[in-house]
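Okay, so here's the structure we're looking at.
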Amino acid sequence: MQKKSIYKYASEAGLPAGLYLTIMSACLLLSVKFPGLPLVLFPLALGFPFILWMLMKRISREEPSYNKFSSLWLGGIYTVIFGSLICMFLSAIYIVVFEPGFVQLYVSNAIQAVESTPMADQYQPTIRLMKEAMDAHLLPSGLEFLTSMAWLTCFVGSILSLVLALIMSKSSKKVSRQYSA
């Protein structure tokens, strides 16, 4: 049986990672209709390292030769990249079809929320700046926003993969030393 490449494993792991990231994205994108939804985003974000750990662990379990730091890190990076592409594609469909003015609506809702608080006077310079940005059409489009989020996800995912690969490769070395002794 021919060994699968790390890219093949990562592309397979990218699907569940992408669906998880899409759920996180939905919490943000649907927040203009359901204002409390972003609160769900925080526990989901805290859960993503565990999801990525499980996906990377599956790669190392199915192919022990990929149980090295460099292979695990590469597998984690590509898992997040493939997941981000899936998330961006599904989120872009939502923005283009259902919410083309998402960023403007989101910023407008944020301004209204801040203005309705008792401390609104303290945030007047920020509110004024946000209104000026809206009036001057300086806000990014929905797709520009999604592209920025995808880049951020890939960057954070690469750092997270680095940490997880380091932990996983160290723990696998300890286990292999115990069995060899």
Side-chain angles (χ1 to χ4, degrees), residues 1-31 33-34 36-99 102 106 140 142-181:
M1 184 171 150
Q2 186 176 1
K3 175 171 106 168
K4 280 197 248 182
S5 74
I6 192 72
Y7 306 108
K8 174 80 170 147
Y9 278 113
S11 67
E12 291 170 355
L15 181 61
L19 295 177
Y20 192 88
L21 291 170
T22 301
I23 292 169
M24 291 175 63
S25 177
C27 290
L28 181 63
L29 296 177
L30 294 173
S31 68
K33 292 184 169 102
F34 306 102
L37 203 53
L39 295 175
V40 178
L41 189 59
F42 296 110
L44 287 172
L46 292 175
F48 187 71
F50 298 103
I51 297 295
L52 187 57
W53 173 277
M54 289 188 309
L55 295 170
M56 290 171 66
K57 193 69 173 167
R58 191 186 119 232
I59 293 170
S60 70
R61 189 176 50 251
E62 289 185 16
E63 189 57 60
S65 66
Y66 293 146
N67 215 2
K68 296 178 284 207
F69 169 75
S70 58
S71 298
L72 289 170
W73 188 21
L74 184 66
I77 289 172
Y78 274 102
T79 296
V80 174
I81 289 171
F82 293 136
S84 295
L85 289 172
I86 291 168
C87 174
M88 185 176 168
F89 176 72
L90 295 174
S91 299
I93 290 172
Y94 175 79
I95 281 198
V96 168
V97 174
F98 299 106
E99 208 68 64
F102 168 75
Y106 189 84
L143 295 179
E144 289 170 336
F145 172 76
L146 287 177
T147 303
S148 297
M149 292 305 295
W151 278 112
L152 177 66
T153 302
C154 290
F155 174 74
V156 171
S158 70
I159 301 301
L160 180 60
S161 297
L162 172 89
V163 172
L164 293 177
L166 187 63
I167 293 168
M168 291 171 79
S169 64
K170 294 286 185 192
S171 66
S172 69
K173 286 178 184 177
K174 286 180 184 177
V175 170
S176 64
R177 278 191 218 130
Q178 288 174 349
Y179 286 118
S180 65

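Below, each value reflects all heavy atoms present in this structure, side chains not excepted, and no hydrogens, waters or symmetry copies.
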*Got a sec: does the OH of Y94 have more than 12 other heavy atoms crowding it under 6.0 Å?*
yes

_Spacing of L30 atom CG and F102 atom CZ [to the nearest 0.5 Å]_ = 9.0 Å

_Checking L160 against F48 for the side chain to side chain contact (heavy atoms under 4.5 Å, CB included) test, could you report, in this order, the C-alpha distance in whole Å, the side-chain angles of both residues, the deciding distance, and whether it holds?_
CA-CA 10 Å; L160 180 60; F48 187 71; 3.9 Å; yes

*Going through the checks in order, is the side chain to side chain contact (heavy atoms under 4.5 Å, CB included) test met by F69 and L162?*
CA-CA 8 Å; F69 169 75; L162 172 89; 3.5 Å; yes

*Could you walk me through whether E63 and K3 pass side chain to side chain contact (heavy atoms under 4.5 Å, CB included), step by step?*
CA-CA 8 Å; E63 189 57 60; K3 175 171 106 168; 3.3 Å; yes

*Measure the shortest side-chain to side-chain distance between F98 and L29 over non-hydrogen atoms and say whether it is less than 4.5 angstrom.*
no

*How far does OG of S148 sit from CG of L143, to the nearest 0.5 angstrom?*
11.0 Å

*So, does W73 use its side chain to make a donor-acceptor pair with the main chain of K68 at under 3.5 Å?*
no

Can you give the donor-acceptor pairs under 3.5 Å from side chains of residues 76-92 to other protein atoms, not counting sequence neighbours?
residue : atom : partner : partner atom : Å
T79     : OG1  : G75     : O            : 2.7
S84     : OG   : V80     : O            : 2.8
S91     : OG   : S25     : OG           : 2.7
S91     : OG   : C87     : O            : 2.8

*From L164 CG over to I159 CD1, what is the distance, rounded to the nearest 0.5 angstrom?*
11.5 Å

*Looking at residues at least two apart in the chain, or sitting in another chain, which of them share a salt bridge (charged side-chain N to carboxylate O under 4.0 Å, His left out) with E99?*
K33

*Could you tell me which non-hydrogen atom of A17 sits nearest to which non-hydrogen atom of L55, and how far apart they are?*
CB-CD1, 3.9 Å

*Provide the closest heavy-atom pair for P38 versus F34 in the form atom of the first, atom of the second, distance.*
CD-O, 4.0 Å

*Please round to the nearest 0.5 Å and tell me the distance separating atom CD1 of I93 and atom CG of L146.*
11.0 Å

_Residue pairs, two or more places apart or on separate chains, that pass salt bridge (charged side-chain N to carboxylate O under 4.0 Å, His left out) and touch residues 145-167_ = none

_Where S161 and M56 come nearest, the two heavy atoms and their spacing_ = O-CE, 3.8 Å

*Find the distance between CZ (F145) and CD1 (I95) and round it off to the nearest 0.5 Å.*
7.0 Å

*Can you tell me how far CE of M149 sits from OG1 of T153, rounded to the nearest 0.5 angstrom?*
5.5 Å

*asked:* side chain to side chain contact (heavy atoms under 4.5 Å, CB included), that's the test. Do Y66 and L72 meet it? Break it down for me.
replied: CA-CA 6 Å; Y66 293 146; L72 289 170; 5.5 Å; no

*Y20 and L44: which non-hydrogen atoms are nearest, and at how many Å?*
OH-O, 2.7 Å

